[in-house]
Amino acid sequence: MGDLFLVRHGETAWSRSGRHTGRTDVPLTGDGREEARRLVPLLRTLEIGAAFVSPLRRARETAALAGLPGARVDADLCEWDYGGYEGMTTVEIQRTRPGWFLFTDGVAPGPPERPGESPEQVGERADRMLRKVDAALAGTEGHVVLVAHGHFLRVLTARRLGLRPQDGAHFQLATGTLCRLGTEHGRPVVAVWNLRPPG
């Protein structure tokens with residue numbers, strides 16, 4: 001069975017400034033497009049059996065530029081819904097909620113189209129996605145690649161390792177990087193993390 005590879009989308013203006021970017025569909029910056037292009041040689045070395053991508057523009061653009069134009073769009077790969085904290089930085093949030101931490105405290109409710117998600121709800125989406133990953137891995141001899149978002153992929157990694165969604169806090173993930181989740185003695189492990197191609 002193959003491994004699971006994770007790609008966080010390239011830089012956006014909001015990721016550069018630390019603004020929580022959940023469902024707002026911001027594009028990549030020029031640097032973000034270059035980060036995505038640098039992934040091509042790494043991904044080209046893999047035998048990829050299936051690739052999935054978030055429907056949000058920054059992820060789809062990253063997938064296309066990284067050489068995965070045929071990746072299947074899956075809404076379960078969307079970023080954490082930040083609700084009332086969409087577009088805010090951690091510093092701004094902590095002015096009214098001192099000590100606030102996303103992975104333990106969740107978010108404030110937002111408008112009906114962006115109500116917000118708890119860590120547990122994000123974990124449920126990650127579990128659904130992992131079931132799809134396992135089905136794809138069982139049906140192919142290649143690897144599976146997911147192109148998505150920082151906080152969501154951190155939660156998905158925690159769940160893959162059998163940890164709580166909140167434990168995604170321990171897996172800092174930079175834009176335009178590649179990670180590999182494999183197995184050792186039949187148990188899930190982090191094999192590569194935050195691999196940034198030379199540029």
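Closest of all the heavy-atom pairs between Pro119 and Pro165 is O-CB, 3.3 Å. Shortest non-hydrogen contact noted between Arg57 and Pro27 is CZ-CB, 3.4 Å. The shortest non-hydrogen separation linking Ser15 to Thr175 is OG-CG2, 3.9 Å. Closest approach of Gly168 to Ala158, counting heavy atoms only: N-CB, 3.6 Å. Of all the heavy atoms in Leu156 and Leu146, the pair that sits closest is CD1-CD1, 3.9 Å.
Rounded to the nearest 0.5 Å, atoms CG (Asp25) and CG (Leu56) are 5.0 Å apart. For the atom pair CD of Glu11 and CZ of Arg58, the computed distance is 13.0 Å after rounding to the nearest 0.5 Å. Rounding to the nearest 0.5 angstrom, the gap separating the CZ atom in Phe171 from the CG atom in Asn194 is 11.5 Å. One distance of note links CZ of Arg8 with CD of Glu79; it measures 7.5 Å at 0.5 Å rounding. The line from CG of Leu77 to CZ of Phe152 is 5.5 Å long, rounded to the nearest 0.5 Å. The CZ atom of Arg95 sits 15.5 Å away from the CZ atom of Arg97 when rounded to the nearest 0.5 Å.
Grouping the Ile, Leu, Val, Met, Phe, Trp and Tyr side chains by contacts below 4.5 angstrom, directly or via other members, places Leu6 apart from Val189. Trp193 and Val7 end up in different hydrophobic clusters when Ile, Leu, Val, Met, Phe, Trp and Tyr side chains are linked at under 4.5 Å. Following chains of ILVMFWY side-chain contacts shorter than 4.5 Å, one can reach Val133 starting from Leu181, so the two form part of one hydrophobic cluster. There is a path of hydrophobic side-chain contacts, each under 4.5 Å, that joins Met129 to Leu173. Hydrophobic cluster membership is shared by Leu4 and Leu163, with clusters built from Ile, Leu, Val, Met, Phe, Trp and Tyr side chains linked at under 4.5 angstrom.
Checked by atom type and distance alone, the side chain of Ser17 pairs as donor or acceptor with a backbone atom of Ala13 at under 3.5 Å. Thr96 places a side-chain N or O within 3.5 Å of a backbone atom of Ile93 that can act as its donor or acceptor partner. Between the side chain of Asp3 and the backbone N or O of Arg180 there is no donor-acceptor pair closer than 3.5 Å. A side-chain donor-acceptor contact under 3.5 Å links Thr29 to the backbone of Gly32. Without hydrogens or angle criteria, Arg159 side chain to Asp127 main chain gives no donor-acceptor distance under 3.5 Å. Of the possible donor and acceptor atoms, none in the side chain of Glu61 sits under 3.5 Å from a partner among the backbone N and O of Arg33. The closest donor-acceptor contact from the side chain of Glu92 to the backbone of Thr89 lies under 3.5 Å. The backbone N or O of Ala174 sits less than 3.5 Å from a side-chain atom of Thr177, completing a donor-acceptor pair. Thr12 places no side-chain N or O within 3.5 Å of a backbone atom of Leu28 that could act as its donor or acceptor partner. A donor-acceptor pair under 3.5 Å is formed between the side chain of Asp105 and the backbone N or O of Phe101.
Under the 4.0 Å criterion applied to side-chain N and carboxylate O atoms, Glu117 and Arg23 are assigned as salt-bridge partners. For the pair Arg38 and Glu35, the salt-bridge criterion is not met [side-chain N within less than 4.0 Å of a carboxylate O]. With respect to Asp134 and Arg131, no salt bridge is recorded, no charged nitrogen being found less than 4.0 Å from a carboxylate O.
Counting only N and O atoms by type, the side chains of His149 and Ser54 include a donor and acceptor under 3.5 Å apart. Residues Arg19 and Tyr82 bring no donor and acceptor atom of their side chains to less than 3.5 Å of each other. Under 3.5 Å, the side chains of Thr104 and Gln166 contain no donor-acceptor pair of N or O atoms.
Annotation: Glu113, atom CD; neighbour count of heavy atoms from other residues, nucleotides and ligands within 6.0 Å is above 12.
Using a 4.5 Å cut-off on side-chain heavy atoms (C-beta onward), Leu178 and Val192 make no contact. A heavy-atom distance below 4.5 Å is found between the side chains of Pro55 and Cys78. Looking at heavy atoms from C-beta onward, Ile48 lies out of side-chain contact with Val144 at the 4.5 angstrom threshold.
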Test log, rule ring pair (Phe, Tyr, Trp, His ring centres under 6.0 Å), inputs His143 and Phe5
CA-CA 7 Å; His143 305 293; Phe5 286 81; 5.2 Å; yes
Arg128 and Asp76: CA distance, side-chain angles, deciding distance, salt bridge (charged side-chain N to carboxylate O under 4.0 Å, His left out) verdict:
CA-CA 7 Å; Arg128 277 199 309 268; Asp76 278 336; 2.7 Å; yes
Worked verdict on Val73 versus Phe52 for side chain to side chain contact (heavy atoms under 4.5 Å, CB included):
CA-CA 6 Å; Val73 175; Phe52 299 88; over 6 Å; no
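Trp80 and Phe103 have their aromatic ring centers within a separation under 6.0 angstrom. Aromatic pair Trp14/His9: ring centres not closer than 6.0 Å.
Checked against Val147 for a side chain to side chain contact (heavy atoms under 4.5 Å, CB included), the options Leu68, Leu39, Leu43 give a single hit: Leu68.
Using bins of under 30°, 30° to 60° and over 60° for the plane-to-plane angle, the ring pair His20/His151 lands in the parallel bin.
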